[in-house]
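Note sheet for the following structure.
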2 protein chains.
Amino acid sequence: MLKLSKKSEYALMAARYMAIKNHGTAVTAKEIADQHQISFELVAKVLQSLTRNDITVSFQGVKGGYTLKKNPLEISLIDLIRSVEPDFQITNCLKTDTNKNECSHSDCCKIKDPLAEVQKKIDKVFYETKLAHII
Amino acid sequence: MLKLSKKSEYALMAARYMAIKNHGTAVTAKEIADQHQISFELVAKVLQSLTRNDITVSFQGVKGGYTLKKNPLEISLIDLIRSVEPDFQITNCLKTDTNKNECSHSDCCKIKDPLAEVQKKIDKVFYETKLAHII
DNA sequence: ATAAATAAGACTAAATTAGTCTGGTATAAA
DNA sequence: TTTATACCAGACTAATTTAGTCTTATTTAT
């Protein structure tokens, strides 16, 4: 249905929140969950993904939390989304350098090559839209 | 995950097939299913949707089938996809004229308005890509 | 009449996504 | 140095969505 997952939405919401609360102090997963009234555990996992993908920095222990690692103008939506949704593509069978053509209806479907072009354009939209733009 | 559904893929595949086999004769759902080795029933339903949405014309009875109603250059991917997937949007809570703001985390999420811009760009990509381009 | 085709919708199965739970580690502060 | 707070990681379950099947009806060329 070409819909973003909750994880992606939460990633955007969390990142936006951190970008706005740009005091020196780190933001906790709990604070984000409370402010947005969403599942703490899920946001927590999303934030962990963001950290693994170098979007955020985490601080453990009391007074711990998360801060953005880069400027909101330098964080693309595609970075945020790919962090929580590694295989972000409109159809499975797009040829890439790594993934060589594993389409279920292999060479008979013929729509995958043209769709790769569409994918590029979609990626461009999400690449060019920065966190700063959704604030 | 922002992936097209099989129904959308099948709609593209079927439309492409009809565009290529541009003889006067109608193409049957069975032929499309066989050629692409995909579920007959599903393609059949997809073709019915396309017909309801004025993409194709159907002919019932023996020697029946489907033909495209318009020129492949005048059929947008978004028409094809929306035929089988009426609520084609990256997130549920985008404000539109009809659907007034039914976001689960209502006005606290704040990402929906900016995402509406992203949605417009995505729509543009799928609008500007015509059936003729994926042949 | 009959066989081949579309039409429509109910139903089931499979896959994906969302959300929960558990146990662990790090660390500031009492 | 204990304790409370917060991150980390992965297994697990529940809910939702998507994919696919089945059934019945209608149309129409031969």
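Chain identifiers are assigned alphabetically (A, B, ...) following the order of the sequence lines, protein sequences preceding nucleic acid strands; residue numbering begins at 1 within each chain.
At whole-Å resolution of the value, CG in Leu42(A) and C1' in dT20(C) are 9 Å apart. Note: CG (Leu2(B)) to C1' (dT16(C)) measures 15 Å, nearest angstrom. A straight line from CG of Leu47(A) to P of dT5(D) spans 19 Å, rounded to a whole angstrom. Per the geometry, NZ belonging to Lys6(A) stands 14 Å off C1' belonging to dT16(C), to the nearest Å. Remark: P of dA18(C) and CG of Asn92(B) are 10 Å apart, rounded to the nearest angstrom. Spacing between atom CZ of Phe88(A) and atom P of dT16(C) amounts to 17 Å, rounded to whole angstrom units. If you measure from atom CD of Glu41(A) to atom P of dG24(C), you get 18 Å, rounded to the nearest angstrom. Separating the CZ atom of Phe59(B) from the P atom of dA5(C) is a distance of 15 Å, rounded to the nearest angstrom.
OP1 or OP2 of dT21(D) lies within a sub-4.0 Å distance of a side-chain N or O belonging to Ser39(B). Listed pair Tyr66(A) / dC8(D) meets the phosphate criterion, a side-chain N or O lying under 4.0 Å from OP1 or OP2. Residue Arg52(A) has a polar side-chain atom (N or O) positioned under 4.0 Å from OP1 or OP2 of dA9(D). Regarding contacts with the backbone of dA7(C), a side-chain N or O of Ser58(B) is found under 4.0 angstrom from either OP1 or OP2. Listed pair Tyr10(B) / dA19(D) fails the phosphate criterion, with no side-chain N or O lying under 4.0 Å from OP1 or OP2. In this model, the phosphate group of dC7(D) is not approached by any side-chain N or O of Thr51(A) to a distance below 4.0 Å at OP1 or OP2.
Nucleic acid contact class of Ala44(B) (heavy atoms, under 4.0 Å, all strands): none. Among the atoms of the strands shown, none is found under 4.0 Å from any heavy atom of Lys30(A).
When each of Gly61(A) and Val62(B) is assigned the nucleotide of DNA chain C bearing its nearest heavy atom, the one mapping closer to the 5' terminus is Val62(B). The residue among Lys63(A) and Lys63(B) whose nearest nucleotide of DNA chain D is located toward the 5' end is Lys63(A).
Side-chain contact between Arg82(B) and Asp123(B): present, with at least one pair of heavy atoms (C-beta onward) separated by less than 4.5 Å. Side-chain contact between Ile90(A) and Lys3(B) is absent, with no heavy atoms from C-beta onward closer than 4.5 Å. Looking only at side-chain heavy atoms (C-beta outward), Phe88(A) and Ile78(A) come within less than 4.5 Å of each other.
Candidate nucleotides dA5(C), dA6(D), dA19(D) were compared by shortest atom distance to the side chain of Thr28(A), and dA6(D) ranks first. When distances are taken from the side chain of Gln60(A) to each of dC8(D), dA29(C), dT28(D), the shortest belongs to dC8(D).
Geometric assessment of Lys130(A) against the ring of Tyr127(A) yields a positive cation-pi assignment under the 6.0 Å and 45° thresholds.
Donor-acceptor pairing under 3.5 Å, judged by distance alone, is present between the side chain of Lys45(A) and the base of dT20(C).
Residues Ser76(A) and Glu128(A) bring no donor and acceptor atom of their side chains to less than 3.5 Å of each other. For the residue pair Thr51(A) / Ser58(A), no side-chain donor-acceptor distance below 3.5 Å is found, with atom types taken as modelled.
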